[in-house]
Amino acid sequence: MTDSEHYQKLKLELRRGVLILAVLAELREEHYGYSLRKNLMSQGLEIDEGTLYPLVRRLEKQGLLVSEWRKEDNRKKRFYKLSDVGSTTLTKLTEEWQQVASTLSGIIA
Amino acid sequence: MKLINNYLDSLETYLPDDMQQEVREELEASIYGEIEDKQEQLGRELNAEEQEIILQKIGHPMKVASSFLPNQQLIGSDYYPAFKRSLEITLMIVLGINLFFSIPDLFSSGHIIANIIGLFFHLLSAAFWAMAIVVVVFYFLEKSGVSLDEIYAWSAKDINGIKPKLSINRVEVFFEMIMEIVFLVWWNNLLKFPSSIEESGIETSVQLSSEWSSVHWSVNIIMGLAVLLSFYKIIVVGWNKPALISNILINLASLSVIYQITQFDKLIQVSDAVASNEKWQKLLNHLDTGILSILICIAIYIVWESFSNVLKLKRNR
């Protein structure tokens with residue numbers, strides 16, 4: 001494996017850890033799959049369909065999200081939104097993230 | 001749009017029935033969402049190549065479908081250490097028992113080489129079944145959600161100290177074991193090598209003298225124990241104290257048998273018709289000397305190996 005491949009792999013691992021937080025935060029507003037992905041990408045978080053859609057389904061199973069099928073522009077779409085449990089979890093995870101980020105800044109500096 | 005339909009049809013085939021429609025509709029909405037966005041930017045419809053690029057970026061339908069499915073491994077990483085250890089123990093027991101009970105069959109009717117090949121495939125089949133059963137058991141343990149706490153139940157006070165062992169090369173020991181088995185097979189007349197010699201235009205068969213029969217069973221027992229010891233070494237992949245002591249005892253017994261052989265009047269015999277011939281007498285003396293030299297070399301090797309075993313024992317204390 002080349003240095004660049006190592007870097008890409010590590011970068012993916014690093015991003016995977018924060019992905020849940022980003023998805024939960026983004027779903028404070030209702031989104032369907034593509035609009036969620038588009039919003040994340042427009043803010044600089046690249047994510048492919050094969051990662052995002054299974055992730056939101058898993059979060060829904062865990063009760064952190066709620067979903068609803070609706071027809072929009074003549075097409076059935078599944079809209080996801082943060083549940084009450086998800087909202088509390090997001091607050092706690094955000095605090096945890098801020099603590100980790102501040103600790104890491106100290107270590108890296 | 002045919003490309004997209006084909007892609008989604010293919011994706012469905014990799015999903016269980018109850019997930020097919022949901023996943024398809026979710027991905028379909030996403031793909032068309034992206035296409036519509038791009039069409040709006042370009043002010044025209046996307047052609048087939050452009051649609052293909054979008055699908056290529058999503059990935060192989062099988063890979064995408066698999067990301068929606070739980071547990072993509074036969075044995076998950078949490079269960080794997082217990083699975084690996086269980087598999088090792090099961091294989092050791094199954095192969096050990098099968099080998100032990102199959103050894104008599106090697107010397108039964110039929111050609112010895114065919115019997116050895118048969119035994120090899122019998123052991124391979126036993127190992128395969130043992131492995132398959134352990135995999136299935138662990139698969140169902142994981143699937144039924146048996147608690148890992150039960151599998152990894154432990155207490156610090158129950159952990160015994162591990163006695164150190166000196167590592168060995170499995171391939172070398174395997175080769176050693178094969179050589180010991182081949183010797184045993186030859187020793188019991190189940191494998192014959194050409195043994196005719198021609199001298200002064202007379203050809204006769206040469207064989208070990210009748211005096212060797214006095215050590216027949218001693219050699220069988222010593223070599224049998226050596227085969228078992230080699231098998232044990234292959235399993236534990238190393239020397240430990242019991243193995244070293246056993247090897248020293250086997251070596252001492254071997255030296256005693258070699259000493260007994262050196263006391264024989266004749267080591268080799270030929271048919272009576274040529275035994276009185278002077279040239280044949282000379283040849284037999286040379287052969288006796290040759291065999292004695294080989295036995296001395298073996299004895300030196302055994303002494304050296306025993307000495308090396310004693311050193312290993314000291315180091316391993």
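Note on naming: letters A, B, ... go to the chains in the order of the sequence lines (proteins, then strands), and numbering restarts at 1 for each one. The structure displayed is predicted, hence computed values, not measured ones.
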Original post:
Does the side chain of B:V23 reach to within under 4.5 Å of the side chain of B:L8, using non-hydrogen atoms?
Top reply: no
Subject >> Segment of B:E22 engaging chain A (4.5 angstrom heavy-atom cut-off) >> reply: both
Original post:
Is it true that the side chains of B:S30 and A:Y53 contain a donor and an acceptor less than 3.5 Å apart?
Top reply: yes
Original post:
Of A:E60, A:E30, A:R57, A:K81, which meets side-chain hydrogen bond (donor to acceptor under 3.5 Å, both in side chains) against A:S67?
Top reply: A:E60
Original post:
Is it true that A:E68 and A:R70 have a side-chain N and a carboxylate O under 4.0 angstrom from each other?
Top reply: yes
**OP:** Can you tell which part of A:Y80 gets under 4.5 Å to a heavy atom of chain B, answering side chain, backbone, both or neither?
**Re:** side chain
Subject >> Contact origin within A:R37 toward chain B - heavy atom pairs under 4.5 Å >> reply: side chain
